[in-house]
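Have a look at the structure below, then the notes.
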Amino acid sequence: MIRVLLVDDQPLIRSGFRALLDLEDDIEVVAEAADGEEGLALVREHLPDVALIDIQMPVADGIEATRRIAADPALAGVHVVILTNYGLDEYVFNALRAGAAGFLVKDIVPEDFLHAVRVAARGDALLAPSITRKLINRYVTQPLRTGAGTGLKELTGREREAVALVAQGLSNDQIAERMVISSLTAKTHVNRAMAKLAARDRAQLVVFAYESGLVVPRNA
């Protein structure tokens, strides 16, 4: 059973998402919150698998809530997915660096929304296609972040290859096929890279891959 917490200051949005989630046999909504501070308290109380958090809220916004969840070792199993109306802005980059596992735009179709919750619960990075495209385009126009490439020295060649494929949006099974290895070995490479880079999840590997220059956007 996938345990989900909804955090959004708009009751209509929360009720709509909850109505979808409650129809699924493998998903349970454990609680709802109307602001980031309340959401943090409920995260600590319920320890959900997935916290769906609005990016702009009173008291504590989605970025602050994400940062505090990511900084708490007791909440390591909580995967934060940011909900946004805007598709892409500076909030997205800040929340990724804060520890968000991914982003969803609120106009997502129900089937994709439910799939996204299950993907996030597995610990996979999750970015809506529209956000992914803009994220890559953003890295085309910005210089590499100073010092971001130092972590590359900690990775083996195969780990670098795995991280680059994660940044392309590939699953462990797809990485295994591309690298001609088993899925278990692919998962091992990804997990070791995450440990060496102190990355909370695959989304942060994506950020690292672009900021370090390991992956260069095709239209750069």
Determine whether Val119 and Arg122 make a side-chain contact, defined as any pair of heavy atoms from C-beta on separated by less than 4.5 Å.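 Val119 vs Arg122: side chains touch.
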
Are Asp8 and Leu6 side-chain neighbours, meaning at least one heavy-atom pair lies under 4.5 Å?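 No, too far: nothing below the 4.5 Å cut-off.
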
Ser183 side chain to Asn172 side chain, donor-acceptor N/O pair below 3.5 angstrom: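 No donor-acceptor contact under 3.5 Å links the two side chains.
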
Which pair of heavy atoms, one from [X] and one from [Y], lies closest together, and at what distance?
X	Y	result
Ala121	Ile2	CB-CG2, 3.7 Å
Ala70	Gly99	CB-CA, 4.2 Å
Phe113	Leu52	CZ-CD1, 3.7 Å
Ala101	His79	CB-CB, 4.3 Å
Leu5	Gly39	CD2-O, 3.6 Å
Ile82	Gly62	CD1-O, 4.0 Å

How long is the span from the CG atom in Leu104 to the CD1 atom in Ile55, to the nearest 0.5 Å?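 Going from the CG atom of Leu104 to the CD1 atom of Ile55 covers 11.5 Å.
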
Go through the structure and list residues passing side-chain contact (heavy atoms from CB on, under 4.5 Å) with [X], not counting sequence neighbours.
X	result
Arg158	Thr156, Glu161, Met179, Ile181, His189
Asp9	Asp54, Met57, Pro58
Val109	Glu111, Asp112
Met1	Glu28

Is there any ring pair (Phe, Tyr, Trp, His ring centres under 6.0 Å) pair reaching into residues 49-75, and which pairs are they, with sequence neighbours excluded?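 Non-adjacent pairs meeting ring pair (Phe, Tyr, Trp, His ring centres under 6.0 Å): zero.
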
Using a strict cut-off of less than 4.0 Å between a Lys/Arg side-chain nitrogen and an Asp/Glu carboxylate oxygen, indicate whether Arg68 and Glu37 qualify as a salt bridge.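 Yes, Arg68 and Glu37 are salt-bridged.
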
Who are the salt bridge (Lys or Arg N to Asp or Glu O under 4.0 Å) partners of [X], not counting sequence neighbours?
X	result
Arg160	none
Lys196	Glu159
Arg44	Asp72
Arg118	Glu24, Asp26

Among Leu214, Leu165, Val166, which one satisfies side chain to side chain contact (heavy atoms under 4.5 Å, CB included) with Leu205?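 One option only clears the test, and that one is Val166.
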
Are the side chain of Glu38 and the backbone N or O of Ala34 linked by a donor-acceptor pair below 3.5 Å?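 Yes; at least one donor-acceptor contact below 3.5 Å.
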
Just to verify, what does Thr185 make a side chain to side chain donor-acceptor pair (under 3.5 Å) with, not counting sequence neighbours?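 By the side chain to side chain donor-acceptor pair (under 3.5 Å) rule, Thr185 matches Ser182.
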
What residues form a side chain to side chain donor-acceptor pair (under 3.5 Å) with Arg3, not counting sequence neighbours?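 Arg3: no side chain to side chain donor-acceptor pair (under 3.5 Å) contacts found.
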
Determine whether Val59 and Ile63 fall in the same hydrophobic cluster, where Ile, Leu, Val, Met, Phe, Trp and Tyr are linked whenever their side-chain heavy atoms lie under 4.5 Å apart.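 Result: no, two separate clusters.
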
Any chance you could lay out the side chain to side chain contact (heavy atoms under 4.5 Å, CB included) test for Val117 and Val81, step after step, and finish with the verdict? CA-CA 8 Å; Val117 170; Val81 175; over 6 Å; no

Compile the donor-acceptor pairs under 3.5 Å between side chains in residues 15-22 and protein atoms, sequence neighbours left out, one pair per line.
from  : atom 1 : to    : atom 2 : distance (Å)
Ser15 : OG     : Pro11 : O      : 3.2
Ser15 : OG     : Leu12 : O      : 2.9
Arg18 : NE     : Asp22 : OD2    : 3.4
Arg18 : NH1    : Glu32 : OE2    : 2.9
Arg18 : NH2    : Val29 : O      : 3.4

So Ile53 and Ile69, side chain to side chain contact (heavy atoms under 4.5 Å, CB included) or not? Walk me through it. CA-CA 11 Å; Ile53 301 180; Ile69 290 171; 4.0 Å; yes

